[in-house]
Amino acid sequence: MNNDIFDFSEKSFLNVADIIPRDGSRDVADDIQNIIDANPNRTIYFPDGTYILSKPICTPADPKKSVSLQLSKYAIIKASDDWNSEEALVRLGGKDAFNDIYTDGSNYSFVGGIVDGNERANGISIDSGRETLIRDVSIKHTVIGIHIKRGANSGSSDADIMNVNIVGRGDTSSKGVLIEGWDNTFTNMRIAKVFTGVEIRSAGNFLRNIHPLYVSNYEDYENSCAFRDVEGGNFYNNCYSDQFGIGFYTAESRLSTFDSCFCFWYSPKMGRHTAFKAEKKFCSVVANFKSGFRNDTENILLSVGESGGNGILSNPIVNPNILADDTYKEYLRGEVIG
């Protein structure tokens with residue numbers, strides 16, 4: 001294929017619709033990849049329309065080759081019906097891996113639009129590089145909405161994710177966000193129709209105003225979880241678990257910090273609601289934690305696998321009269337605010 005037709009170097013504004021269809025009539029994965037490869041250090045714009053992909057598209061992590069993808073509000077990147085890849089539709093830093101924050105071009109991004117997994121694909125992944133930005137995106141019908149892979153800087157990916165809405169496909173494999181790279185920030189996100197809202201397998205992550213909502217089919221409901229923290233060393237502020245079987249979970253005896261977080265249940269469909277669960281010892285710091293339980297279900301404020309942890313539960317906001325056990329009292333500092 002002649003890549004000259006994909007070269008927009010003489011134009012001040014790179015518009016993919018100049019040469020590829022945006023009506024969803026055919027697969028344009030190779031065309032978009034050729035545009036990316038032929039236009040280093042450019043912003044590539046997708047106007048309103050539907051762009052069908054049969055395989056992932058990859059942006060370079062090398063700052064000298066990187067691009068930023070910008071979509072208009074109703075531009076849709078969608079997996080084809082014959083999609084057959086375990087990778088995401090869009091792999092940021094998916095080629096030419098690099099660890100560099102000093103060279104111009106290191107801060108590439110994906111901004112705007114809609115990413116539709118068609119019940120088959122993952123949405124967006126960050127595979128390499130640093131300083132990657134995902135912003136103002138609606139991600140629909142995905143297995144995993146956003147996947148932050150282990151980062152280029154000794155595991156750190158240093159990404160910023162903000163103003164993103166995710167809707168999964170509703171089965172037990174569906175996750176909103178999977179985080180394996182370290183040192184990322186997540187702000188202002190809404191997540192629905194997933195079994196796990198956010199799963200964190202790394203440390204140094206900061207989450208603020210993240211709101212997973214459980215609206216799936218209630219299969220294995222008691223193990224559904226809004227925030228699943230496997231590694232510890234993470235920071236949560238104003239994060240909200242809405243209707244999950246487990247609101248917040250820490251693996252092993254991990255320590256993370258939770259400030260002004262909230263659980264709420266409105267449905268009695270399952271019998272047990274657990275606000276905070278420690279797999280083994282409870283070692284986290286949890287302050288000003290509010291749980292809005294129903295009074296006709298089994299309600300657990302704090303569940304621990306082993307006693308003896310040095311965690312702190314400070315000034316929880318809950319009605320103690322509707323709790324099924326008092327394990328939380330071992331770690332209580334201050335008063336229960338009912």
Side-chain angles (χ1 to χ4, degrees), residues 1-8 14-40 42-62 65-71 75-98 108-129 132 134 137-150 157 159 164 166-169 171 173-175 177-178 180-181:
M1 183 175 293
N2 181 6
N3 279 359
D4 289 345
I5 64 172
F6 300 102
D7 183 359
F8 292 78
L14 197 165
N15 186 335
V16 300
D18 286 347
I19 60 169
I20 66 173
R22 50 176 168 149
D23 58 3
S25 60
R26 68 171 177 86
D27 173 24
V28 294
D30 286 336
D31 293 333
I32 294 174
Q33 191 63 59
N34 284 327
I35 291 172
I36 291 170
D37 294 343
N39 292 277
R42 301 295 304 278
T43 297
I44 300 173
Y45 179 70
F46 295 73
D48 292 346
T50 300
Y51 305 85
I52 298 295
L53 305 185
S54 64
K55 58 185 177 182
I57 57 173
C58 300
T59 67
D62 183 344
K65 301 177 182 179
S66 68
V67 299
S68 284
L69 305 182
Q70 184 163 347
L71 281 65
I76 305 170
I77 292 179
K78 184 176 182 179
S80 65
D81 290 341
D82 61 350
W83 179 272
N84 188 27
S85 173
E86 294 183 357
E87 298 289 354
L89 277 160
V90 180
R91 300 175 59 196
L92 302 176
K95 59 184 299 184
D96 302 316
F98 229 82
Y108 54 90
S109 62
F110 187 104
V111 177
I114 300 166
V115 175
D116 187 340
N118 196 16
E119 313 291 345
R120 297 165 169 75
N122 296 342
I124 303 174
S125 65
I126 297 178
D127 292 21
S128 180
T132 312
I134 300 173
V137 184
S138 179
I139 300 175
K140 307 290 189 184
H141 315 304
T142 51
V143 184
I144 300 173
I146 294 176
H147 184 184
I148 314 297
K149 298 183 181 180
R150 182 173 170 82
S157 40
V164 174
I166 296 172
V167 176
R169 64 179 187 180
D171 61 15
S173 68
S174 190
K175 293 180 172 67
V177 182
L178 174 60
E180 296 179 302

(request) Answer yes if the side chains of Ser68 and Ser109 hold a donor-acceptor pair under 3.5 Å, and no otherwise. (result) yes

(request) Would you kindly say whether His147 and Glu87 are connected by a side-chain donor-acceptor distance under 3.5 Å? (result) no

(message) With a sphere of 6.0 Å drawn around NZ of Lys95, does it hold more than 12 non-hydrogen atoms of other residues, nucleotides or ligands?
(response) yes

(request) Taking atom CG of Asp82 as the centre, report whether more than 12 heavy atoms of other residues, nucleotides or ligands fall under 6.0 Å from it. (result) yes

Kindly give the heavy-atom pair with the smallest separation between [X] and [Y], and that separation in Å.
X: Val111; Y: Val137; value: C-CG2, 4.4 Å
X: Ile77; Y: Leu89; value: O-CD1, 4.0 Å
X: Gly123; Y: Ala88; value: O-CB, 3.5 Å
X: Ser128; Y: Phe98; value: OG-N, 3.2 Å
X: Ile126; Y: Ala159; value: CD1-CB, 3.6 Å
X: Ile144; Y: Asn122; value: N-OD1, 3.1 Å

Please tell me if the side chains of [X] and [Y] come closer than 4.5 Å, counting only heavy atoms from C-beta onward.
X: Ile57; Y: Thr59; result: no
X: Leu14; Y: Ile35; result: yes
X: Lys149; Y: Ser157; result: no

(message) My understanding is that only residues two or more places apart in sequence, or in another chain, count here; which of them pass side-chain contact (heavy atoms from CB on, under 4.5 Å) with Ile114?
(response) Ile76, Ser138, Lys140

Out of curiosity, [X] [atom1] to [Y] [atom2], how far, rounded to the nearest 0.5 Å?
X: Asn84; Y: Asp81; atom1: CG; atom2: CG; result: 13.0 Å
X: Ile32; Y: Asp37; atom1: CD1; atom2: CG; result: 12.0 Å
X: Arg150; Y: Glu180; atom1: CZ; atom2: CD; result: 9.5 Å
X: Arg120; Y: Thr142; atom1: CZ; atom2: OG1; result: 13.5 Å
X: Ile44; Y: Asn39; atom1: CD1; atom2: CG; result: 6.0 Å
X: Asp18; Y: Tyr45; atom1: CG; atom2: OH; result: 11.5 Å

Can you check whether [Y]'s main-chain N or O pairs, donor with acceptor, with [X]'s side chain at less than 3.5 Å?
X: Gln70; Y: Gly112; value: no
X: Asp171; Y: Ser174; value: yes
X: Asp127; Y: Arg91; value: no
X: Arg169; Y: Val143; value: no

(request) Given side-chain contact (heavy atoms from CB on, under 4.5 Å), test Tyr108 with Thr132 step by step and report yes or no. (result) CA-CA 6 Å; Tyr108 54 90; Thr132 312; 3.7 Å; yes

Acceptor/donor pairs from residues 20-28 side chains to any protein atom, 3.5 angstrom cut, sequence neighbours excluded:
from: Arg22; atom 1: NH1; to: Asp48; atom 2: O; distance (Å): 2.8
from: Asp23; atom 1: OD1; to: Ser25; atom 2: N; distance (Å): 3.0
from: Asp23; atom 1: OD1; to: Ser25; atom 2: OG; distance (Å): 2.7
from: Arg26; atom 1: NH1; to: Asp31; atom 2: OD2; distance (Å): 2.9
from: Arg26; atom 1: NH2; to: Asp31; atom 2: OD2; distance (Å): 2.9
from: Asp27; atom 1: OD1; to: Ala29; atom 2: N; distance (Å): 2.9
from: Asp27; atom 1: OD1; to: Ser54; atom 2: N; distance (Å): 3.2
from: Asp27; atom 1: OD2; to: Ser54; atom 2: OG; distance (Å): 2.6

